[in-house]
Amino acid sequence: MLITVTINGKKYSDDITPDLVLLDYLRQKGCYSVKRGCETSNCGLCTVHLDGKPILSCSYLAARADGHAVTTLEGLQEEAAEFGAFLADQGGEQCGFCSPGFIMNVLAMVRELKNPTEAEIQEYLSGNLCRCTGYQSQLRAVKNYLAHKQEVQP
Amino acid sequence: MSFVNAPIRKKDAMSLVTGKPVYTGDMIPQNALVVKLLRSPHANADIESINTAAAMKVPGVCCILTWEDVPDARFTTAGQTYPEPSPYDRLILDRHLRCSGDPVAIVAAENEAAADKALRLIKVQYHVMEPLLDFTKALDNPILVHPEENFHALCPVGADNKRNLCSTDCFTVGDVEQVLDSCDVVVERTFNTKANSQAMMETFRTFSYIDEYGRLTVVSSTQVPFHARRILSNALQIPKSKIRVVKPRIGGGFGAKQSVVSEIFPAIVTLKTGRAASIIYTREESMTNGSPRHQMQMKVRVGANRDGVIRAIDLYALSNAGAYGDHGPTTIGLVGHKSLSLYGGLEAARFACDVVYTNTMGGGAYRGYGATQGIFAVESAVSEMAAKLNMDPCVIREKNMVAQGQTMPTYYNEPCNSCTLDKCMAKAKEMMDWDNKYPRRVLENGHIRSVGVAMAMQGSGISGVDIGSVEIRLNDEGFYTLLLGCTDMGTGCDTILSQMAADCLDCDLDRIAVRGVDTDFSPYDTGSYASSTTYVTGMAVVKTCQVLREKIRKAGASMLQVPEESAEFDGKRVFVPGTEKEISLEKIGYASYEGHNRCLSASESHSSPISPPPFMVGMAEIDLDPETGKVEVVDYVGAVDCGTVINTNLARVQTEGGIVQGIGMALYEDVQYSHSGKMENRSFLQYKIPSRLDVGKIRIEFESSYEPTGPFGAKSIGELVINTPAPAIMNALYNATGCFFDSLPVRSEDIFFAMEEKK
């Protein structure tokens, strides 16, 4: 079947099989930041934005993205580096395999929530598993990043 | 200038946080075959016949291999120094299937859909036999997991496949029975721990191809590239000289990738077809046929006097190797050595153990490597002893803990050169406000808040076995290349070792270009396991820098035409003090690229005769709802002695991450089997690892000793930190409920029913 999807601002038209999931389609398109960590929609590694909202690309058919705009970390390099620097300054990326999905969700959170509390942050990001860090350094990074954003654009 | 003991950003951090394609799965060649495995539905069966004719007809299927197509030479997939203590008990594909999910056939196809279709069309007739699943009944059971004649062990570990015995051992210090008989109080309890999945976010994965020289190149997410080369050679029966192993970034390992789990399958396809081939384990495969922590049962007897002086500990451990003996004989040793040695004044100690085969998934290396299980048992028994003596569990530890300057008879008679366990205890008590919180209080909502404590130790590399080697080259412009053989798996060793090199060479961190690991150009290193990179490879960095500094100083002196002994090197220039004579490192670098016979590079190795233990004290504060048994760890403090902290950020994150894994092990993580031997919790839906909502506060402080044999006074950190949560949480649960919990994981229902029973 033919689909037309905008990926990171560029339009693609492709003939795909109906069972192709968005995750595999995006990797075929060279978006290697999108990772698979499970088969059960539990880990959050494959998080991308569909029309600006975070979704799990492992459990979203590429066909459903027809006519929509998908953004991966490849399309948000500046924001990724900006928040990523806070994460790196905590050593909170560790193996880095969960970082892209986690960062996609952090960036979605920042757009969606104004001045989130710690509980709201943890709730919003709870779908992003990480086995290395125990989450503490990630939380410190998010808080420092939010404080920085406040300073820059209060 | 000092980069050591600073919160330095990882050198690869920005590429990771911007999602660059730096992992094995991101680099698979476009034309690589997709490799998949047909796995056994039975835990114990022989293949009677296997028919691949229909599967071979699927368009796109390139190759199907069965037991008849692989070498008949047994090997181990355990990544250990040769000769490996793990028995040679595997074939790539075996006619005898020893656990559910054992590979039956290897399928390689042009795409995933074709491979999947072929898997469904392979017809296998199995002779299904009764599986041996209960490891407490394995020894001398009539069901033999390894009846084969060509089973063999390279080391005298006591393996006897006709008894289901993978290994056996015993050591004693003093007369345990006699001392226990004369103790005022003896605590005796049996503890059980389950298998745990490492659950690293990147599952096992490998691709392979034949390179331009006709050699097999294997790119893999592995902690042990050099061991992997040897294991591939053993498995495929081709010379090591024909194999190259490359390690890109690794998405976590925690020991799982200290076994060669996925490497052999694409490699044999590449050898048979000449084509590039790749395999990516699903999460399910990683869970059902990975290399998990060994399930164990431990019987502990602790004897003490009424004043709380612990006099003797007797420990027997039974370990479930599962179907294959990877790391079986060695993990078990740590159960004893790294638990008993926490107590410095023992008059007698005994550790005996058996490791047995069953028809469950073969075990492997998981952070802590047996120490985790042993410390859970011994620390829990010591806390029970404190309870029996009406003593604060911190006080009994303060009375008995190992101290700097002692010799540790239960730790290979090694000296305790560096230890601030006493300071760790004091710091942890202060952080937790222990004296006010112990043992418990009841909140207005009826919940019980209680605290618990445990101590832990680990090692720093394997004494006299592990080798770290590095090479450092001076280049034009005066920058350095640091070649490493150890494997950064997210831990940050590429950065940590660069920090050390920068300090040793008095240069900026950016002047060090670091690279690992490619077995064709990296210097030999045993790999990243046994908490060895900082301590062992770190010393190789220190030694290499010393040699290179001397070479640079002499080269500079020669260029200045002054006597060698008059010249000094300060990192930027070689100069003669008190004179105008100097030449910059930049110029020496350029000169070293021009017609002469002194290449300015150095490569040194390091192996340590001792394995200095890092120590820590962990304290848990829990919130227990007595109506449901639901427990939450609301606060966890860790006071850590890892010697000098090389990177304060990374050591902290290691500690926080290890503690959370330990909390998972204590409260949720539980590999379970059905009656027929099928591993049941095979996804993150069923095998629960902690999410960020499951974790309360975690607070870490370092109480650094100085280890004289370590680089900059450092010891290890990576494994130590998983060892305190289980015993500390069990102690907190006792302080909340008065019930002793001895089997992990402890779930809400276990707590609820234990409290009901006590009523």
Side-chain angles (χ1 to χ4, degrees), chain A residues 17 19 24 27 30-45 72-74 76-78 80-81 83-104 119 121-123 125-139 141, chain B residues 7-10 12-23 25-26 112-113 198-203 249-254 280 282-284 489-492 647-661 663 683-686 689-693 695 697-700:
Chain A
T17 55
D19 60 351
D24 292 321
R27 283 185 68 89
C31 299
Y32 289 115
S33 74
V34 190
K35 301 287 194 265
R36 178 180 269 115
C38 69
E39 298 90 42
T40 48
S41 311
N42 285 105
C43 73
L45 264 62
T72 72
L73 208 59
E74 282 83 357
L76 293 173
Q77 286 288 289
E78 263 180 47
F83 169 68
F86 286 88
L87 193 60
D89 282 339
Q90 295 296 329
E93 76 289 346
Q94 280 282 296
C95 84
F97 205 71
C98 76
S99 294
F102 169 68
I103 293 173
M104 289 305 290
I121 295 170
Q122 297 291 68
E123 180 73 33
L125 301 174
S126 63
N128 293 93
L129 292 179
C130 168
R131 192 58 158 171
C132 292
T133 64
Y135 307 108
Q136 309 292 310
S137 51
Q138 294 185 346
L139 181 62
Chain B
I8 303 292
R9 201 187 262 190
K10 268 171 55 181
D12 54 351
M14 292 313 291
S15 75
L16 302 186
V17 299
T18 52
K20 295 293 184 285
V22 293
Y23 302 91
D26 305 333
E112 196 173 351
Q198 295 87 348
M200 61 284 167
M201 285 297 125
E202 181 199 36
T203 59
R249 293 294 93 186
I250 303 179
F254 314 113
I280 293 180
T282 60
R283 177 60 59 190
E284 180 175 345
M489 56 180 136
T491 46
N647 186 315
T648 47
N649 266 352
L650 298 182
R652 181 175 306 279
V653 175
Q654 281 290 311
T655 310
E656 292 165 346
I659 285 169
V660 170
Q661 286 187 3
I663 291 171
S683 75
F684 283 143
L685 276 174
Q686 297 139 306
I689 66 170
S691 82
R692 69 191 73 226
L693 295 181
V695 182
K697 270 188 293 186
I698 295 177
R699 297 176 292 139
I700 308 300

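Below, chain A is the first sequence line, B the second, and so on; all start at residue 1. What you are looking at is a predicted structure, and each value in this text was computed from that prediction instead of being measured. Values below: all heavy atoms of this structure, side chains included; hydrogens, waters and symmetry mates excluded.
With hydrogens and angles ignored, the 3.5 Å screen pairs no side-chain donor or acceptor of Lys10(B) with any backbone N or O of Ala88(A). Proximity of a side-chain donor or acceptor of Gln77(A) to a complementary backbone N or O of Thr18(B) within less than 3.5 Å is detected. Panel note: side chain Arg692(B), backbone Asn128(A); a donor-acceptor pair is recorded below 3.5 Å. For the pair Arg283(B) (side chain) and Gly37(A) (backbone), a donor-acceptor distance under 3.5 Å is present. For the pair Tyr135(A) (side chain) and Pro690(B) (backbone), a donor-acceptor distance under 3.5 Å is present. The closest donor-acceptor contact from the side chain of Arg131(A) to the backbone of Gln198(B) lies under 3.5 Å.
Remark: Ser126(A) pairs with no residue by the side-chain hydrogen bond (donor to acceptor under 3.5 Å, both in side chains) rule, at least two apart or across chains. The side-chain contact (heavy atoms from CB on, under 4.5 Å) check on Cys95(A) picks up Phe97(A), Cys132(A), with sequence neighbours excluded.
Separating the CD atom in Gln686(B) from the OG1 atom in Thr40(A) is a distance of 8.0 Å, to the nearest 0.5 Å. Separating the CE atom in Met200(B) from the CD atom in Gln94(A) is a distance of 15.5 Å, to the nearest 0.5 Å.
Interface remark: of the candidates Leu16(B), Asp12(B), Asp26(B), Thr203(B), Asp26(B) forms the most heavy-atom pairs closer than 4.5 Å to chain A. Listed options Val22(B), Thr282(B), Asn649(B), Ile8(B) were ranked by heavy-atom pairs under 4.5 angstrom with chain A; first place goes to Asn649(B). Listed options Ile280(B), Leu685(B), Val660(B) were ranked by heavy-atom pairs under 4.5 angstrom with chain A; first place goes to Leu685(B).
Using a 4.5 Å cut-off between heavy atoms, Arg36(A) contacts chain B through its backbone alone, with no side-chain atom that close. Leu125(A) touches chain B through backbone and side chain together, each having a heavy atom under 4.5 Å away. For Ile250(B), the part lying under 4.5 angstrom from a heavy atom of chain A is the backbone only. For Leu87(A), the part sitting under 4.5 Å from any heavy atom of chain B is the side chain, from C-beta outward, and nothing else. Interface residue Ser99(A): only side-chain heavy atoms are found under 4.5 Å from chain B. If you measure heavy-atom distances from Ala85(A) to chain B, the contacts under 4.5 Å come from both the backbone and the side chain. Contacts of Phe83(A) with chain B are absent, with no heavy-atom separation under 4.5 Å from either backbone or side chain. The parts of Glu123(A) that come within reach of chain B are both its backbone and its side chain, each placing non-hydrogen atoms under 4.5 angstrom from that chain.
The shortest non-hydrogen separation linking Glu39(A) to Glu284(B) is OE1-N, 3.2 Å. The shortest heavy-atom contact between Val695(B) and Gly134(A) is CG1-O, 4.2 Å. Minimum interatomic distance between Pro100(A) and Gly19(B) (heavy atoms only, all atoms of both residues): CG-CA, 4.0 Å.
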_Working for side chain to side chain contact (heavy atoms under 4.5 Å, CB included), residues Ile700(B) and Gln136(A)_ = CA-CA 11 Å; Ile700(B) 308 300; Gln136(A) 309 292 310; over 6 Å; no
